[in-house]
**Student:** 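Before we start, here is the structure in question, set down as structure tokens.
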There are 2 protein chains.
Amino acid sequence: MKRPKPNIDPIFHALGDPTRRAILDRLSRGPVSVSRLAEPLGITVTAVAQHLHILEDAGLALTEKSGRVRSCRIEPAGFAVLEQWIREHRTIWERRLDRLDDVLAKRWPDKSR
Amino acid sequence: MKRPKPNIDPIFHALGDPTRRAILDRLSRGPVSVSRLAEPLGITVTAVAQHLHILEDAGLALTEKSGRVRSCRIEPAGFAVLEQWIREHRTIWERRLDRLDDVLAKRWPDKSR
DNA sequence: GGGATACTGAAGTAGTCACTTGACAATCCT
DNA sequence: AGGATTGTCAAGTGACTACTTCAGTATCCC
């Protein structure tokens, strides 16, 4: 019973931060330790650990401590949830309103629905 | 020269808020006014206007004022940028590391790159 | 004209966010 | 054993976020 229900909120929140996206980019090239992750980012190891926790909660990263080193890697689960969300909402954006509806809506936006 | 360079950051930020996703859901059923948008959300019209500004900046919504009513609609541009980002990063998540790399990385995460 | 409607703008507030520092714990290496 | 490495925990800080209230402005309609 350890399956976390797919919640899109923490995923968007996690991906909303550039530093976290940079971390994911780095992880995509293979597993890394926390301190190696911190090096190119110019922030403290503590900050990286905090970002990692957020990424883990979102199901985007997975970490595992062996010895004194915490190894961090990509976790596809979160990304799958994101893709699913996109799939479910694609039609919404793609829907082309026909000309008439469009014009009517423009004139009487309140009455249109 | 009005083309805003596609920046993924405001898009993730905009979609990170449940209220804004609710607004987009409503807009997907056709154009609505600001006050109609506020009704089911239980927040003030001012708050909705603020959310709309964020959605507009992200290229996810489009509003236009005619008379005293501001008509709000879906804007596919932002969604297209999101899809593009996903497309560019899909391989990252889909990449299946072969067993050997996997094990090596687990044992010597620091040396793996 | 004048009252109701639909929104705007400025300012304030409570809570969250990214990040830091500093003190600590565990592990590795010689 | 003992110093260096790697990470953790707790607390604090400044910036930002979502939201509010209140005082306007513009528009609609009788």
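For clarity, every value in this text was computed on a predicted model and none was experimentally measured. Per chain, numbering begins at 1; letters A, B, ... match sequence-line order.
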**Student:** Under 3.5 Å, is there a donor-acceptor pair between the side chain of A/Arg21 and the main chain of A/Leu15?
**Tutor:** yes
**Student:** Could you check A/Ala49 against A/Arg68 and say which one's nearest nucleotide on DNA chain D is further toward the 5' end?
**Tutor:** A/Arg68
**Student:** At under 4.0 Å between heavy atoms, what does B/Leu41 touch on the DNA or RNA strands: base, sugar-phosphate, or nothing?
**Tutor:**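 No contact at all - B/Leu41 keeps every heavy atom at 4.0 Å or more from the nucleic acid.
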**Student:** Have a look at A/Thr19 and say if it touches a base, only the backbone sugar-phosphate, or nothing, with a 4.0 Å heavy-atom cut-off.
**Tutor:** sugar-phosphate
**Student:** Hey, is the side chain of B/Thr46 poking within less than 4.0 Å of OP1 or OP2 on C/dG9, counting only N and O atoms?
**Tutor:** no
**Student:** Looking at B/Arg90 and A/Glu83, does any basic side-chain N land under 4.0 Å from a carboxylate oxygen?
**Tutor:** yes
**Student:** Counting heavy atoms from C-beta on, name the nucleotide in D/dC19, D/dA18, C/dA18 closest to the side chain of A/Arg20.
**Tutor:** C/dA18
**Student:** Counting the atoms with a prime plus P, OP1 and OP2 as sugar-phosphate, which does B/Ile54 contact under 4.0 Å by heavy atoms, base, sugar-phosphate, or nothing?
**Tutor:** sugar-phosphate
**Student:** Should A/Arg70 be listed as having a side-chain N or O under 4.0 Å from OP1 or OP2 of D/dT8?
**Tutor:**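 Yes, such a contact exists.
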**Student:** Quick check on DNA chain C: between A/His13 and A/Ala47, whose nearest nucleotide comes earlier from the 5' end?
**Tutor:** A/His13
**Student:** What nucleotide among C/dC19, C/dC7, D/dC19 has an atom nearest to a side-chain atom of B/Gln50?
**Tutor:** D/dC19
**Student:** Checking B/Asp25 now: which residues fulfil salt bridge (charged side-chain N to carboxylate O under 4.0 Å, His left out) with it, not counting sequence neighbours?
**Tutor:**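 Checked B/Asp25 against salt bridge (charged side-chain N to carboxylate O under 4.0 Å, His left out); zero matches.
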**Student:** Which label fits B/Trp85 and B/Phe12: parallel for a plane angle under 30°, tilted from 30 to 60°, or perpendicular past 60°?
**Tutor:** perpendicular
